[in-house]
Asker: 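This is the structure, below, for whatever I ask next.
For reference, positions follow the sequence shown, starting with 1.
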Amino acid sequence: MCSIIGYSGNEIAAPIIVKGLKRMEYRGYDSVGVATESDNQIELKKGIGKVNEVNSKVQLDKLPGKIGIGHTRWATHGKVTDLNAHPHPSNSGKIAIVHNGIIENFEELKKQLEDDGYNFKSETDSEIIANLLQKNYESTKSVKDTILKTVSEIKGHYAFVAMFENGQIAAARFHEPLIVGVGQENIFLSSDVLGFIEYTDNAIYMKSRNFIILDKKEFQILDYNGKKVKYEITKVSKEFGDAYKGDYAHFTLKEIYEQPDVILKAGDTTTEGIDKAVELIKNAKNIYITGSGTSYNSALIAKQILSKYVKIKAESIIASELQFAPDTIEENSVLIAISQSGESADVLEAVRITKKLNCKIISIVNLLTSSLTRKGDIVLGMNCGPEIGVAATKSFTAQLILLYKMVQKLSGSITIDFEKFSESISEMIENPSKIQDIAKKLKEVSDIYILGRGINYPIAIESALKLKELTYIHAEGIPGGELKHGPLALMDTNVFVIIINPNDSTYSDTLTSAREIKTRGAKIIGVSDIESDVYDYWIQIPKISEILYPISEIIPIQLLAYYSALEKDTDPDYPRNLAKSVTVK
């Protein structure tokens with residue numbers, strides 16, 4: 001989602017802000033801008049495009065002053081235009097703001113401000129904050145009172161940073177992430193630790209309904225009643241500062257190839273947490289598993305392996321749907337909440353709903369300083385390192401490994417050789433030339449269908465998601481048994497079908513489905529540990545334990561999506577219209 005950064009210190013602000021925005025590019029955005037204060041004047045530059053592109057055009061990093069704010073926008077209210085890009089100045093030009101989230105009552109506030117003579121240049125809800133701050137500051141002459149009055153008037157989930165022409169910066173948070181980076185000679189405000197990790201590893205994770213006022217290097221944090229609050233400075237892991245591509249062309253490729261290590265490391269730092277989670281699951285009245293996107297596909301697999309290998313029934317729920325059916329959840333149950341970022345708005349809302357019903361929360365998350373971590377009764381860290389590519393790859397594998405480790409302990413009889421499994425995955429992806437050749441065949445394809453049965457069906461859905469995200473090709477996962485109930489009508493000579501077909505209990509039925517599809521002229525890509533003349537193209541996976549097939553199936557599809565993206569000249573790291581962390585609904 002959008003990225004915020006604010007800076008106050010001894011150095012020129014603009015180059016530091018631009019560098020911080022570049023570090024947060026993985027979050028997804030369509031425009032960028034920077035505003036700085038110098039000699040009691042605010043200067044502002046912004047535009048559509050990537051940070052480097054806009055910087056080349058308007059020289060964001062040449063703005064003067066040692067105080068500034070920056071932003072990358074992911075459009076919600078208003079089209080992708082220069083005027084809609086952040087920062088937004090107030091009518092007077094004496095205040096500028098950057099904002100993440102949604103102001104739910106912006107239309108009402110806009111009308112009130114227009115009646116008071118304020119004009120609006122953008123289509124955004126964010127500009128309301130700038131003019132509301134101006135109105136309140138003109139009446140109070142106090143930054144503190146201005147923030148208190150403003151947050152009492154706006155509704156919605158938000159984080160905003162406001163810069164005043166006197167050099168003061170204020171920022172408020174309500175459910176959207178906002179982090180303070182505390183250096184010896186500088187202070188940062190950011191939506192992500194990557195925004196400042198190069199300069200300091202001291203961070204304050206601001207609580208919701210808190211705001212901060214910066215005056216050069218001095219700051220105070222207060223609550224929405226205006227009272228000072230106690231805060232804790234946390235050391236941020238330096239691994240987040242090492243989020244670089246190395247010798248790889250893209251983060252996505254690097255992260256795909258890191259998965260053999262992820263298989264070995266996922267959950268290593270949370271052994272005690274896994275034991276506690278297992279006990280909680282054993283004694284649970286009911287178990288629910290939720291997530292969004294790729295994390296929901298992990299939930300689907302979790303449901304199946306808990307049922308098959310441990311005889312424990314669990315219900316998987318799409319996080320965004322839970323608010324419309326809260327009666328699904330019974331009191332005193334257990335919710336397993338899965339999220340790479342730990343900031344996904346829908347997952348956090350699902351947790352909020354279930355907590356009201358006295359449910360225990362098991363959080364499976366990569367970023368251990370995230371909101372989901374703080375809401376979990378038990379927290380299981382993925383331990384897969386920063387995932388920069390917008391499309392989830394190694395985090396999916398890490399989620400599954402954690403779930404496998406829980407199932408292994410719950411069963412008491414399943415033994416998984418993770419080291420041997422890691423080696424088999426390394427061998428599988430050592431030479432991707434066959435996958436690269438298949439990717440060339442998909443360049444002009446408009447429709448791809450992926451078919452799977454049983455535990456392989458969630459992988460069909462995840463495969464479709466990866467192809468959609470990276471290549472923009474229409475892709476759809478299909479349950480094998482439903483082929484004759486509609487999807488068979490779509491099969492013709494223009495279609496490619498990927499068959500997820502390992503040597504498990506679903507093998508024969510799925511191979512029969514593949515033959516039925518091929519009779520209609522479609523091209524077949526088989527993902528299997530057994531070769532067949534039915535396949536026009538065969539992607540070989542290792543012969544392994546049945547429970548591990550999902551990971552061995554998805555990794556070559558991730559590579560196929562990556563190389564297909566290159567063939568179609570799309571950016572695999574930053575798919576259009578998508579954000580890494582969906583922090584607004």
Side-chain angles (χ1 to χ4, degrees), residues 26 28 245 248-260 262 293-298 340 384 387-400 425 428-452 456-478 495-501 523-528 535-541 549-580:
Y26 77 98
K245 294 192 288 275
Y248 291 92
H250 295 93
F251 283 113
T252 300
L253 185 62
K254 175 178 179 281
E255 288 153 9
I256 291 170
Y257 273 90
E258 286 174 343
Q259 287 173 106
V262 170
T294 290
S295 296
Y296 175 67
N297 295 334
S298 295
Q340 188 281 139
C384 66
E387 185 177 68
I388 304 302
V390 168
T393 52
K394 66 176 181 176
S395 62
F396 181 61
T397 290
Q399 290 166 4
L400 293 185
I425 296 300
M428 179 179 68
I429 61 177
E430 186 176 347
N431 182 5
S433 58
K434 185 180 285 189
I435 292 173
Q436 289 172 305
D437 289 341
I438 298 172
K440 293 174 183 175
K441 307 292 183 184
L442 300 181
K443 185 175 182 179
E444 304 302 328
V445 170
S446 59
D447 300 283
I448 301 174
Y449 299 96
I450 305 96
L451 187 143
N456 308 306
Y457 173 54
I459 295 301
I461 301 173
E462 175 62 15
S463 299
L465 181 58
K466 291 285 97 58
L467 287 161
K468 281 183 278 197
E469 287 175 318
L470 270 62
T471 71
Y472 316 150
I473 296 171
H474 167 251
E476 183 180 338
I478 299 173
V495 167
F496 270 72
V497 180
I498 298 173
I499 304 292
I500 309 294
N501 197 24
K523 292 288 189 296
I524 305 293
I525 301 170
V527 179
S528 179
Y535 308 142
D536 295 287
Y537 309 96
W538 178 41
I539 297 175
Q540 185 176 7
I541 60 174
Y549 274 132
I551 293 176
S552 67
E553 293 160 356
I554 193 57
I555 290 175
I557 303 299
Q558 292 171 351
L559 281 171
L560 181 62
Y562 170 79
Y563 286 116
S564 297
L566 299 189
E567 291 294 328
K568 294 179 70 67
D569 198 27
T570 67
D571 188 340
D573 283 346
Y574 308 116
R576 67 187 182 196
N577 304 332
L578 298 180
K580 183 66 176 172

Asker: Leu470 vs Thr570, test: side chain to side chain contact (heavy atoms under 4.5 Å, CB included). Steps then yes/no.
Answerer: CA-CA 7 Å; Leu470 270 62; Thr570 67; 5.6 Å; no
Asker: Show the numbers, then the answer: is there a side chain to side chain contact (heavy atoms under 4.5 Å, CB included) between Phe396 and Ile459?
Answerer: CA-CA 11 Å; Phe396 181 61; Ile459 295 301; 3.9 Å; yes
Asker: Return the CD to SG distance between Gln340 and Cys384, rounded to the nearest 0.5 Å.
Answerer: 6.5 Å
Asker: Should Ser463 and Ile498 count as side-chain neighbours, where that means a heavy-atom distance under 4.5 Å?
Answerer: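 No, side chains not in contact.
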Asker: Hey, what do you get for OH (Tyr296) to CG (Leu465), rounding to the nearest 0.5 Å?
Answerer: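 The CG atom of Leu465 is 13.0 Å from OH of Tyr296, to the nearest 0.5 Å.
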Asker: Kindly compute the distance separating CG (Leu451) from CD1 (Ile525), expressed to the nearest 0.5 Å.
Answerer: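 So the gap between those two atoms works out to 13.0 Å.
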Asker: Are the side chains of Pro556 and Met428 in contact, using a 4.5 Å heavy-atom criterion?
Answerer: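 Yes, side chains in contact.
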Asker: side-chain hydrogen bond (donor to acceptor under 3.5 Å, both in side chains): which pairs involve residues 465-478, sequence neighbours left out?
Answerer: Thr294-Lys466, Asp447-His474, Glu462-Lys466, Lys466-Glu469
Asker: Show your reasoning for whether side chain to side chain contact (heavy atoms under 4.5 Å, CB included) applies to Ile473 and Lys568.
Answerer: CA-CA 10 Å; Ile473 296 171; Lys568 294 179 70 67; 3.9 Å; yes
Asker: Work out which heavy atom in Thr252 is nearest to a heavy atom in Gly389; give both atom names and the distance.
Answerer: OG1-CA, 3.9 Å
Asker: To the nearest 0.5 Å, what is the distance between CG on Asn456 and CD1 on Ile554?
Answerer: 11.0 Å
Asker: Applying side chain to side chain contact (heavy atoms under 4.5 Å, CB included) to Leu559 and Leu253, what does each step give before you reach the verdict?
Answerer: CA-CA 8 Å; Leu559 281 171; Leu253 185 62; 3.9 Å; yes
Asker: Which residues satisfy the side-chain hydrogen bond (donor to acceptor under 3.5 Å, both in side chains) test with Tyr562, sequence neighbours excluded?
Answerer: His250
Asker: Tyr549: what forms a side-chain hydrogen bond (donor to acceptor under 3.5 Å, both in side chains) with it, not counting sequence neighbours?
Answerer: Asp529
Asker: Can you name the residues that form a side-chain hydrogen bond (donor to acceptor under 3.5 Å, both in side chains) with Gln399, not counting sequence neighbours?
Answerer: Ser295, Ser298
Asker: By side-chain hydrogen bond (donor to acceptor under 3.5 Å, both in side chains), which residues pair with Tyr563, not counting sequence neighbours?
Answerer: none
Asker: Determine the minimum heavy-atom distance between Ser528 and Tyr535, stating which atoms define it.
Answerer: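 Closest heavy-atom pair between Ser528 and Tyr535: CB-OH, 3.8 Å.
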Asker: Is it the case that the side chain of Tyr257 and the backbone of Ile429 share a donor-acceptor pair, with hydrogens and angles ignored and the cut-off at 3.5 Å?
Answerer: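 Present.
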Asker: How long is the gap from CD1 on Ile425 to CD on Gln259, to the nearest 0.5 Å?
Answerer: 8.0 Å
Asker: Any side-chain heavy-atom pair from Phe251 and Thr393 closer than 4.5 angstrom?
Answerer: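 They are not in contact (no side-chain heavy atoms under 4.5 Å apart), so the answer is no.
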Asker: Would you say the side-chain atoms of Glu387 and Ser395 include a donor-acceptor pair closer than 3.5 Å?
Answerer: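 There is such a pair between these side chains.
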Asker: Ignoring hydrogens, what is the shortest heavy-atom contact between Ile541 and Glu553? Give both atom names and the distance.
Answerer: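 The pair with the smallest heavy-atom distance is CD1-CG, 4.0 Å.
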Asker: Sequence neighbours excluded and cut-off under 3.5 Å, please list the side-chain donor-acceptor pairs for residues 431-442, or say none.
Answerer:
| residue | atom | partner | partner atom | Å |
| --- | --- | --- | --- | --- |
| Asn431 | OD1 | Ser433 | N | 3.2 |
| Asn431 | OD1 | Ser433 | OG | 3.0 |

Asker: To the nearest 0.5 Å, tell me how far Ile557 CD1 sits from Leu467 CG.
Answerer: 7.0 Å
